[in-house]
Amino acid sequence: MYVHRSNRMEVLVDELATVLRTPKLDVLAPETILIQSQGMERWLGRELANRLGGFANARFPFPRAFIHEAMDAVLGPNPHAALYERATMTWAVAALFSELREDRAFAAVAGYLRDDEGAVRRLQLAERVAYLFDQYLIYRPKLVLGWEAGRGTDWQALLWRALVERYERLEPLGEARDQRKAHFAARALEFERNFTPLFVERGALPARVCVVGGASLPPLFLRLLAKLAECVEVHLFWLAPTREYMGQAASDEDALAWSGGDVHSLLASLGGVGAAFQQILEGEVSYVDGAGEFVEPAPDSVLHVLQGDLLANRVRDGGARLPRSAGDDSISLVSCHSPMREVEVLRDRLLALFEGDPSLRPDDVVVMAPRIDAYVPLIEAVFSGDPGDPLAIPYRIADRSKRSLNPAAEALLRLLGVLRGRLKASEVLDLLQAEPVRRRFGIEATDLPEVYRWVHDAGIRWAEDAAHRAEYGLPAEPANTWRFGLRRLLLGHALADDQRTVFADVVPYDALPNDRVELLGKFTRFCETLFHFRRVLRGPLSVVGWCERLREVIEAFLAEDPRVAWQLRPLHTALHELEASAGLAGFEEPVALEVLAAQLSERLETDSAS
């Protein structure tokens, strides 16, 4: 294994380009570059193309996905591995919570799940526990293997052993014992113990693997890559803030910061991951230093001075301020009253930077934000404009969830929220704005302002009818419900102009143009379909039952246009995976729609784990 270190990402990319210039034996085999995010893939591809004159035929898997591939190539695929995926464990753990509720060790869990209608809290807790078990398999493999060996008496240890035993009961005779070796910790242990280059088939593994951003790798991944380096050329590119040794961490398992010696406060508070990584690297991995180098920044700004202090682990006297010249804004903290204002300030700041430095280009700038999906509409509102405008800034948004990129997925999840709620007029009209829904009912975007006016003028506020209002403990009055408003609209069309007086205790809507009757029919059909599924989607039902109902919802509300078939395919795939994971876990209990909506949202919002 070759380890390339630098405090500058540009230097590491230069080293990566140098490595890739060396041809492999199989020139048609793709390069394998492990990354931590999709945004890194795009940035690396562009930078490598600039350095190499062109860059293609490369794959950018996440480290976890690649480790699984390597295990399958060396140990062979394990058909039981799906049992220990998070989605499957969620359903299995939920079933075990019900089975173990009388166990004294689970008294606290049983108390939390008391009066849990529709298993909503049970699935939420099971999902969180499944996530923790999944993390334990990677970051605490010895803990999990110890549980299987009988160690540990807390409820998590008991639950893990019950999970393994449940899978053994579900597996056919003769295969039950094999599933104990199917989870990541067991396969990693087998890989470390039994891997030898002599038994690896030619072409089963890539000839060269490059890892960018190695400091965030789990220790187990690092050890497995080191083992793999016995027959594969492995290059690890580590962006390190300091050239100094980061010190002995507090413990083998829970290193969060340095211990001992004078340490820069930022390194002490934020350098725990790097300290743990270096401890594993120096103590358990055989490697050769690459040609990476550390670059001493010129002390011409506060940012560069701070970077220089980190590089040398230079601790200044208590209270000493960093030297700062007039106009130095290399580090700025800006307080904004809203996310929208944040984006507006960002645009102004970028325009000032481009004006102050003519050599700076938009593709030199990376803007990072938490929960990027929440900022997408704000970014589009502020940065979108006429490309010919001299103040226009080209941009691209990376690392968006699959849900935010798929209008049909967004519409379906929004629809499920509306159907479970009070049918507020604002929420129903927001749903109608979704293009797949509008297209399904033949309503154009230009028709929406008129529909909004009808709803407002007809007095529609919330609830389907009087009975729906009564479900919320309110008087069963039809006023201001959807049925009340639709009757007014339809009577306004059915009655002649001189007959638009009170009819059957309903005042007809008198501002409906005769040429808009077709639009009224389309809108009424949309509302009646909504009312129908509000009544149909009552639970609880089994997972299979809910998935069948949701397929009916998709067919009824989302347009099946061949041009956008790609939007519906992930929805059907997600429903199929939900059925498969629940079936694999043996979960057959009825649950509330809220449970299925949450599980579906999780599958559509998250990408493959890195």
Side-chain angles (χ1 to χ4, degrees), residues 1-4 19 24-26 29-35 59-85 134-146 148-149 175 177-238 252-253 276-290 608-610:
M1 176 185 287
Y2 299 89
V3 178
H4 309 259
V19 169
K24 305 190 302 293
L25 292 177
D26 185 357
E31 290 286 353
T32 300
I33 302 175
L34 309 190
I35 55 171
R59 52 192 295 264
F60 295 87
F62 289 142
R64 182 170 184 171
F66 174 75
I67 293 295
H68 277 294
E69 291 177 8
M71 287 181 175
D72 289 344
V74 174
L75 304 176
N78 190 310
H80 309 284
L83 292 171
Y84 293 95
E85 292 180 355
D134 183 65
Q135 295 296 291
Y136 290 161
L137 291 171
I138 296 174
Y139 290 94
R140 300 289 187 270
K142 294 180 182 178
L143 175 67
V144 176
L145 295 174
E148 289 188 12
E175 297 183 8
R177 301 301 299 179
D178 293 341
Q179 63 85 15
R180 285 180 176 260
K181 302 177 181 178
H183 59 71
F184 190 88
R187 283 174 66 78
L189 180 63
E190 184 181 2
F191 186 92
E192 287 188 279
R193 287 178 174 175
N194 301 329
F195 175 76
T196 174
L198 297 177
F199 296 107
V200 178
E201 295 184 10
R202 183 186 179 96
L205 296 170
R208 180 165 58 206
V209 176
C210 298
V211 186
V212 179
S216 58
L217 285 176
L220 180 57
F221 285 11
L222 185 59
R223 290 197 295 268
L224 294 177
L225 287 171
K227 196 71 176 177
L228 203 62
E230 295 178 11
C231 68
V232 174
E233 182 183 334
V234 177
H235 294 265
L236 192 151
F237 297 86
W238 178 17
D252 291 339
E253 294 284 347
F277 173 80
Q278 188 167 21
Q279 184 177 347
I280 298 294
L281 185 66
E282 304 296 345
E284 302 184 29
V285 175
S286 298
Y287 68 90
V288 176
D289 275 316
S608 302
S610 63

> If every non-hydrogen atom of Val234 is compared with every non-hydrogen atom of Leu225, which pair is closest and at what distance?
Replying inline: CG2-O, 4.0 Å
>> Do Lys142 and Leu189 make a side-chain contact, defined as non-hydrogen atoms from C-beta onward lying under 4.5 Å apart?
In response: no
>> If the condition is side chain to side chain donor-acceptor pair (under 3.5 Å), which residues does Asp289 pass it with, not counting sequence neighbours?
In response: Arg5
>> For Pro218, give me all partners under side chain to side chain contact (heavy atoms under 4.5 Å, CB included), at least two apart in sequence or on another chain.
In response: Ile138, Tyr139, Phe221
> Would you call Asn78 and Tyr84 a side-chain contact if the rule is heavy atoms closer than 4.5 Å?
Replying inline: no
> How would you list, by chain and number, every residue that makes a salt bridge (Lys or Arg N to Asp or Glu O under 4.0 Å) with Asp72, sequence neighbours excluded?
Replying inline: Arg187
> Looking only at heavy atoms, what is the nearest atom pair of Met1 and Ser286, with distance?
Replying inline: CB-O, 4.1 Å
> Considering residues at least two apart in sequence or located in another chain, which fulfil the side chain to side chain contact (heavy atoms under 4.5 Å, CB included) criterion with Ala188?
Replying inline: Met71, Phe184, Leu220, Leu224
Please report, to 0.1 Å, the donor-acceptor pairs under 3.5 Å made by any side chain of residues 196-212, with sequence neighbours excluded.
from: Arg208; atom 1: NE; to: Glu31; atom 2: OE1; distance (Å): 3.3
from: Arg208; atom 1: NH1; to: Val19; atom 2: O; distance (Å): 3.2
from: Arg208; atom 1: NH1; to: Thr22; atom 2: O; distance (Å): 2.8
from: Arg208; atom 1: NH2; to: Thr22; atom 2: O; distance (Å): 3.0
from: Arg208; atom 1: NH2; to: Glu31; atom 2: OE2; distance (Å): 2.4

> Residues in salt bridge (Lys or Arg N to Asp or Glu O under 4.0 Å) with Glu230, at least two apart?
Replying inline: Lys227
>> Let me confirm one number: the CD1-CG distance from Ile67 to Leu34, rounded to the nearest 0.5 Å.
In response: 7.5 Å
>> Atom OH of residue position Tyr2 - does it have more than 12 heavy atoms of other residues, nucleotides or ligands inside 6.0 Å?
In response: no
> What orientation do Phe277 and Trp238 show, parallel under 30°, tilted 30 to 60°, or perpendicular over 60°?
Replying inline: perpendicular
>> To the nearest 0.5 Å, what is the distance between CG on Leu217 and CG on Leu236?
In response: 6.0 Å
>> Can you list everything that forms a salt bridge (Lys or Arg N to Asp or Glu O under 4.0 Å) with Glu192? Sequence neighbours excluded, please.
In response: Arg223
> Could you state the interatomic distance from CD (Glu69) to OG1 (Thr32), rounded to the nearest 0.5 Å?
Replying inline: 8.0 Å
> Of all residues at least two apart in sequence or in a different chain, which pass the salt bridge (Lys or Arg N to Asp or Glu O under 4.0 Å) check with Glu85?
Replying inline: none
>> Run the side chain to side chain donor-acceptor pair (under 3.5 Å) test against Glu233 and tell me which residues pass, sequence neighbours left out.
In response: His235
> For Gln135, which residues count as a side chain to side chain donor-acceptor pair (under 3.5 Å) partner, sequence neighbours excluded?
Replying inline: none
> Who are the ring-ring contact (aromatic ring centres under 6.0 Å, His included) partners of Tyr136, not counting sequence neighbours?
Replying inline: Trp147
> If you look at every heavy atom in Phe62 and Ile35, which pair is closest and at what distance?
Replying inline: CD2-O, 3.4 Å
> Looking at residues at least two apart in the chain, or sitting in another chain, which of them share a ring-ring contact (aromatic ring centres under 6.0 Å, His included) with Phe195?
Replying inline: Phe191
